[in-house]
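Written below as structure tokens is the structure these notes are about.
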Amino acid sequence: MKRYDVIIVGAGPSGLSAAIEAAGRGLKVAVFDENEKPGGQLFKQIHKFFGSKKHRAKIRGFRIGEELLSEAAQKGVEVILNATVTGLYQDKEIVVRIGDEVSHYKGDTVIVATGAAENMVTFPGWTLPGVIGAGAAQTMMNLHGIQPGKKILMLGSGNVGLVVSFQLLQAGCEVVALVDAAPRVGGYGVHAAKVARTGVPFYLSHTITEAHGEDHVTGVTISQVDEKFVPIKGTEKYFDVDTICMAVGLSPMSQLLKMSGCKMEDNPKRGGQVPIIDEYGETSVPGVFAVGDVSGIEEASSAMIEGRMAGVCVAEYLGYCTEEEKKAALEELTEDLESLRQGMFAPSNRGKKIEKTDEGIEISSSLLEKGYVADDEIERFPGVTHKVGVHPVMECTQNIPCNPCQDACPKGCISIGENITYLPIVVDNSECVGCGMCVASCSGQAIFLVDEDAGDGTATVTIPYEFMPLPKEGSKGYGLSRSGEKLCEATVVSVKDMASFDHTNLVTMKVPKEFAMKVRFFVA
């Protein structure tokens with residue numbers, strides 16, 4: 001039986017991070033993963049991450065995956081793929097099926113990083129081909145280059161539903177509607193806003209009541225729900241679609257931990273059945289740790305830090321570092337993790353109805369109910385300013401842990417302040433040079449460059465643009481509002497595509513100046 005200092009189950013962001021940390025301290029590490037490629041969900045994630053430099057902010061998920069794999073290889077981590085771990089026993093022995101063979105491996109410590117599985121909801125027709133999970137849609141698009149469908153309805157307005165809806169649009173699909181039974185958008189407002197301004201309608205307090213079709217999906221009916229989430233008769237709406245995509249939450253894949261004898265609990269705030277763990281991921285079984293979504297549903301940035309914490313802990317547990325070294329490392333990692341667990345989307349705020357930002361500004365009701373900030377609400381936020389000449393307009397309206405815009409500006413025009421979740425502001429007496437680095441760096445695509453009076457009764461608006469084909473200079477089309485409504489004719493005057501922008505192109509359009517603070521998207 002082959003033996004390792006550390007056996008890690010799962011080669012996703014938390015598992016690889018744990019492996020890198022442990023191997024870097026001299027431990028012999030093996031990572032088992034049932035997939036044919038390592039990296040977990042990271043290689044499906046083509047959007048830019050939030051957070052700070054420490055959290056790999058403004059780097060796309062698949063790039064982070066490449067970095068982790070390279071670092072793991074450099075540190076000598078053994079990654080075993082197409083390996084399904086079917087058993088974890090109390091003496092830290094695992095059973096693995098690789099091809100037609102079943103093998104046993106022994107670890108002095110074990111880190112379980114098995115992630116989570118997609119939830120589904122049932123309704124008449126939910127088993128028809130064409131009803132898929134958001135994760136499956138991402139796999140088809142971002143790993144295999146296949147459109148999941150042509151006309152798609154998305155169920156779920158959490159971050160997964162919002163991000164995948166945008167990626168479906170990037171893949172050339174039509175998203176006919178975004179539906180959620182909850183009365184408010186569940187994910188980041190900036191994710192909702194970038195979907196809404198393309199023209200996708202949001203139906204909150206609605207759910208699917210039937211999928212139509214004989215041997216595949218041909219349509220879907222949604223209905224409004226009451227306060228008890230019961231469909232209201234007479235409110236039905238029908239859409240022609242060929243695909244229904246569901247993003248209705250995740251459940252931790254904690255079966256191995258339960259099998260190993262770890263104490264478990266049903267905790268809705270952490271996603272369901274999860275192990276009882278200490279602040280660094282150690283379970284009730286000494287030497288067995290749980291990190292990432294299997295210990296509680298959070299973002300991948302948090303999962304990577306949790307993995308590193310477990311890597312430090314197993315090193316100390318096996319005598320590869322001192323208690324003092326462990327304490328120093330964990331203090332720094334805890335600080336990094338806590339910075340991500342702030343703001344209105346912090347785990348401690350789940351289920352709470354947040355009415356105001358940390359700055360005391362009333363939250364946009366339109367954003368929560370329709371997916372976009374209304375024109376009569378946008379001016380209340382500190383990043384929305386008026387200046388002569390080109391200047392940044394930051395439509396960041398919620399306390400999200402993110403500050404790449406502050407680091408990106410070469411002239412120091414933007415400040416987040418001492419807390420990473422504070423709303424961005426334009427620094428007094430600063431001068432914008434119109435370089436566009438802030439626009440390209442914003443993970444939420446919530447920053448625009450505006451010249452409110454460019455002469456001849458026109459204004460220019462520079463927007464982030466991540467669709468193909470790119471419009472060309474001189475192209476004529478329409479400027480769309482935050483809600484996706486056609487507001488006015490628009491002419492593209494500049495298209496910038498620089499390596500430093502990392503595929504967030506900058507499209508500058510000329511519009512009538514009365515629409516300078518309203519136009520936020522371009523269509524030909």
Side-chain angles (χ1 to χ4, degrees), residues 154 157 162 165-166 168-170 174-180 184-185 187-204 361-387 390-398 436 439 442 444-454 457-467 470-471 475-495 504-524:
M154 175 65 71
S157 69
L162 297 172
S165 290
F166 193 74
L168 287 165
L169 295 168
Q170 289 176 305
E174 178 186 353
V175 179
V176 301
L178 199 151
V179 177
D180 200 312
R184 291 185 166 200
V185 170
Y188 290 176
V190 289
H191 282 323
K194 69 184 184 183
V195 173
R197 63 176 173 256
T198 68
V200 176
F202 283 59
Y203 291 90
L204 282 299
I361 302 169
E362 187 178 352
I363 299 294
S364 163
S365 59
S366 176
L367 177 65
L368 296 175
E369 297 168 6
K370 300 176 183 178
Y372 60 90
V373 182
D375 291 343
D376 61 356
E377 297 175 321
I378 196 67
E379 297 283 343
R380 71 175 70 146
F381 297 99
V384 180
T385 59
H386 301 273
K387 285 190 172 187
V390 176
H391 60 93
V393 174
M394 296 170 287
E395 299 188 358
C396 189
T397 65
Q398 295 176 324
V439 180
C442 179
Q445 299 190 22
I447 300 180
F448 310 87
L449 293 182
V450 178
D451 185 346
E452 297 178 58
D453 189 353
T458 65
T460 61
V461 180
T462 300
I463 63 171
Y465 197 88
E466 292 189 356
F467 297 92
L470 279 174
S475 297
K476 294 187 181 296
Y478 297 94
L480 304 190
S481 69
R482 296 179 184 90
S483 65
E485 175 191 3
K486 286 184 180 179
L487 287 180
C488 60
E489 293 183 350
T491 302
V492 174
V493 295
S494 172
V495 178
T504 300
N505 309 293
L506 270 56
V507 172
T508 302
M509 53 183 156
K510 182 174 286 189
V511 299
K513 70 177 186 179
E514 61 265 30
F515 296 110
M517 298 301 287
K518 295 182 179 182
V519 167
R520 291 298 176 262
F521 197 64
F522 173 83
V523 294

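Positions are given from 1 along the sequence. What's counted below: heavy atoms across the whole structure, side chains too, no hydrogens, waters or symmetry copies.
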Validation row, ring centre F448 to ring centre F521 under 6.0 Å: no

Distance-minimising heavy-atom pair for V439 and T504: O-CG2, 4.3 Å

Side-chain donor/acceptor of D451 to backbone N/O of A459, under 3.5 Å: no

R380 (side chain) donor-acceptor with E362 (main chain) under 3.5 angstrom: yes

F202 CZ to D180 CG distance, which is reported to the nearest 0.5 Å: 10.0 Å

Separation of I378 CD1 from K518 NZ (nearest 0.5 Å): 12.5 Å

Non-hydrogen atoms of V185 and L367 that approach each other most closely: CG2-O, 3.6 Å

Heavy-atom pair with the smallest gap, counting every atom of Y465 and F522: CE1-O, 4.0 Å

Minimum-distance pair of heavy atoms, taken over all atoms of L480 and R197: CD1-O, 3.5 Å

Euclidean distance, K370 NZ relative to S364 OG, rounded to 0.5 Å: 9.5 Å

E377 side chain vs S365 backbone, donor-acceptor pair below 3.5 Å: yes

Expected output: side-chain N505 to main-chain E466 donor-acceptor under 3.5 Å: no

E395/R520 salt bridge by N-O under 4.0 Å criterion: yes

Side-chain donor-acceptor pair present, Q445, H191, cut-off under 3.5 Å: no

Set of residues satisfying side-chain contact (heavy atoms from CB on, under 4.5 Å) with respect to E489, sequence neighbours excluded: Y478

SG on C488 to NZ on K510, rounded to 0.5 Å: 13.0 Å

Pairwise distance CD(E379) to OG1(T385) - rounded to 0.5 angstrom: 9.0 Å

Trace of the side chain to side chain contact (heavy atoms under 4.5 Å, CB included) decision for L178 with S157: CA-CA 7 Å; L178 199 151; S157 69; 3.6 Å; yes

Side-chain donor or acceptor of E369 paired with backbone N/O of S366 under 3.5 Å: no

Distance (rounded to the nearest 0.5 Å) between K194 NZ and I463 CD1: 13.5 Å

Shortest non-hydrogen contact between G187 and L162, atoms and distance: CA-CD1, 3.8 Å

Residues in side-chain hydrogen bond (donor to acceptor under 3.5 Å, both in side chains) contact with D453, at least two apart in sequence or another chain: none

Sidechain-backbone polar pair: S481 side chain, E485 backbone, donor-acceptor under 3.5 Å: yes

Test side chain to side chain contact (heavy atoms under 4.5 Å, CB included) applied to F515 and V461, step by step: CA-CA 9 Å; F515 296 110; V461 180; over 6 Å; no

